[in-house]
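We number each residue from 1, following the sequence as shown.
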Amino acid sequence: MSTSLATHTSEELIALEAEWGARNYRPLDLVIVRGDGAWVMDVEGRSYLDCLSAYSAVNQGHCHPRLLATLTEQAARVTLTSRAFRNEQLPLFCEELAQLCGMEMVLPMNTGAEAVETAIKAARRWGYTTKSIPADAAQIIVFDGNFHGRTTTIVGFSSDAAYREGFGPFAPGFVRVPFGDIEAVRAAINANTCAVLFEPIQCEAGVIIPPDGFLRDLAALCAEENVLLIADEIQTGLGRTGRRFACDHEDITPDMYVLGKALSGGFYPVSAVVSSREVLGVFGPGTHGSTYGGNPLGCAVARTALEVMNDEGLIERSADLGAWLLEELRTLQHPHIVAVRGRGLILAIELNVPARAYCEALMKRGLLCKETHDTVIRLAPPLVVRKEDLAWAVEQLRAVFSVS
Ligand SMILES: *Cc1c(COP(=O)(O)O)cnc(C)c1O
């Protein structure tokens, strides 16, 4: 990586952002100007190992050369046609993604939240047309601790006050139950239930892994009750947990996958709902859409992002390196560490004190991670990370968590 050409210092840029930018995030105080693989560089030329991966959007690593080549080649040809006309990338993207998922149809959107909204629409319409649920009475079961995005409908069924406060009124039609509690799901299902929307691992909530067997029980219950199972794999999907999808850990196939983030390797927002003809067939012309959804630039980038995942064995890397890293993290001994958990390369160190100060101390040592839900340090490096980088990361963690 060459050094930065930035015309401002970090301090100046941080001050400008505070003055002109809305403060809906609380970033760590480093200003990134370059990225390469698992590493990023700040304005002053310091290097950091990225153990957040933009919330698992850059699984393929920063500025992957194949993605860059696809992006520039496609951008020089055509970027946006709208769905009023056809483009040559969309059909190939749909075919390739559907086949990867073992599904029949794809509906492309841009951000994760839009794909979740699309899944909600599909499930409701499916409920009215195939289950004869009375008009406007469809219910969707969701879980405590869920994170599915930031639209008003989605935050309306969040259990987190910070996501909701001051943003109501919210859309009705959602019933929330404790995560991992199959009996609570069973009790919440009634004739108007069209779907259960879940994350196979609740990453934002602090990398919460449900009890063994929960996903299998959930899939069986939904099949028995004729309720659609919607897996939000926006963060867990495409190799992050050491399998293609986190659902694969319990060998379940949901009725819909909701994908985003790593689907485009950090280059361009691409999300999608992937499902059966029966479910996505509820949409006819004019019933749903997006100006940028399915655009040729995004589709081309996403096709290459999936190829990179396969060609570079990123799923296997995640499984192998994740298992190794989990064992290493389990050797950390500190009075403030109350739990260590993970699956593939999404891991968490849970503390009994706020995690922010530890993330700041790690940043000073060149390791980037971000607290989630106050007391949890989430570790989710790009899946291209090298084992020696992770060994170095463990040394930094050991130094910060040394009892002296
Ligand atoms: C990030 C995320 C979303 C929202 O995606 P955006 O692209 O930020 O809208 C939804 N669900 C899960 C599980 C996520 O991690």
Using 0.5 Å steps for rounding, measure from the [atom1] atom of [X] to the [atom2] atom of [Y].
X	Y	atom1	atom2	answer
Leu326	Thr331	CG	OG1	10.5 Å
Tyr257	Met103	OH	CE	5.0 Å
Leu332	Ile349	CG	CD1	5.5 Å

- [ ] Could you list all the ring pair (Phe, Tyr, Trp, His ring centres under 6.0 Å) pairs where at least one residue sits in residues 298-347, not counting sequence neighbours?
- [x] His334-His336, His334-Phe401
- [ ] Could you tell me whether Arg176 sits above the aromatic face of Phe157, with NZ or CZ closer than 6.0 angstrom to the six-membered ring centre and within 45 degrees of the axis?
- [x] no
Are any side-chain N or O atoms of [X] and backbone N or O atoms of [Y], one a donor and one an acceptor, separated by less than 3.5 Å?
X	Y	result
Ser264	Phe267	no
Glu114	Thr111	yes
Arg244	Leu100	yes
Asp320	Arg317	no
Ser318	Leu314	no
Gln202	Asp144	yes
Ser158	Val155	no
Arg23	Ala18	yes

Over all heavy atoms of both residues, which pair between [X] and [Y] is shortest? Give the atoms and the distance, please.
X	Y	result
Ala380	Ser53	O-OG, 2.6 Å
Val353	Tyr358	CG2-CE1, 3.9 Å
His62	Asp36	CB-N, 3.5 Å

Between [X] and [Y], does any side-chain donor sit less than 3.5 Å from a side-chain acceptor?
X	Y	result
Glu204	Gln235	yes
Glu117	Thr151	yes
His373	Glu350	no
Ser10	Glu44	yes

TODO: Sequence neighbours left out, what pairs pass side chain to side chain donor-acceptor pair (under 3.5 Å) with at least one residue falling in residues 285-296?
DONE: Asn110-Ser290, Thr118-His288, Lys121-His288, Tyr268-Asn295
TODO: Give the intermediate values and the outcome of side chain to side chain donor-acceptor pair (under 3.5 Å) for residues Gln139 and Asn190.
DONE: CA-CA 9 Å; Gln139 292 181 2; Asn190 62 45; 3.1 Å; yes
Residues, nucleotides or ligands: over 12 heavy atoms within 6.0 Å of [X] [atom1]:
X	atom1	result
Glu165	CD	no
Asp212	CG	no
Asp136	CG	no

Task: Under-4.0 Å salt bridge between Glu183 and Arg186 - done: yes
N/O donor to acceptor pairs below 3.5 angstrom from side-chain atoms of residues 69-77, sequence neighbours left out:
{"unit_1": "Thr70", "atom_1": "OG1", "unit_2": "Arg66", "atom_2": "O", "d": "3.2"}
{"unit_1": "Thr70", "atom_1": "OG1", "unit_2": "Thr304", "atom_2": "OG1", "d": "2.7"}
{"unit_1": "Thr72", "atom_1": "OG1", "unit_2": "Leu68", "atom_2": "O", "d": "3.0"}
{"unit_1": "Thr72", "atom_1": "OG1", "unit_2": "Ala69", "atom_2": "O", "d": "3.1"}
{"unit_1": "Gln74", "atom_1": "OE1", "unit_2": "Arg77", "atom_2": "NH2", "d": "3.1"}
{"unit_1": "Gln74", "atom_1": "OE1", "unit_2": "Gln89", "atom_2": "NE2", "d": "3.3"}
{"unit_1": "Gln74", "atom_1": "NE2", "unit_2": "Val78", "atom_2": "O", "d": "2.9"}

Task: With Thr241, the side-chain hydrogen bond (donor to acceptor under 3.5 Å, both in side chains) member among His249, Arg343, Glu233 - done: His249
Open item on the list: Side chains of Cys203 and Ile346, heavy atoms from C-beta outward: is any pair under 4.5 Å?
Closed with: yes
- [ ] Would you confirm whether the ring centroid of Tyr163 sits within less than 6.0 angstrom of the ring centroid of Phe147?
- [x] yes
TODO: Dump the intermediate steps for side chain to side chain donor-acceptor pair (under 3.5 Å) on Asp389 and Trp39, then the final yes or no.
DONE: CA-CA 9 Å; Asp389 295 334; Trp39 292 82; 3.2 Å; yes
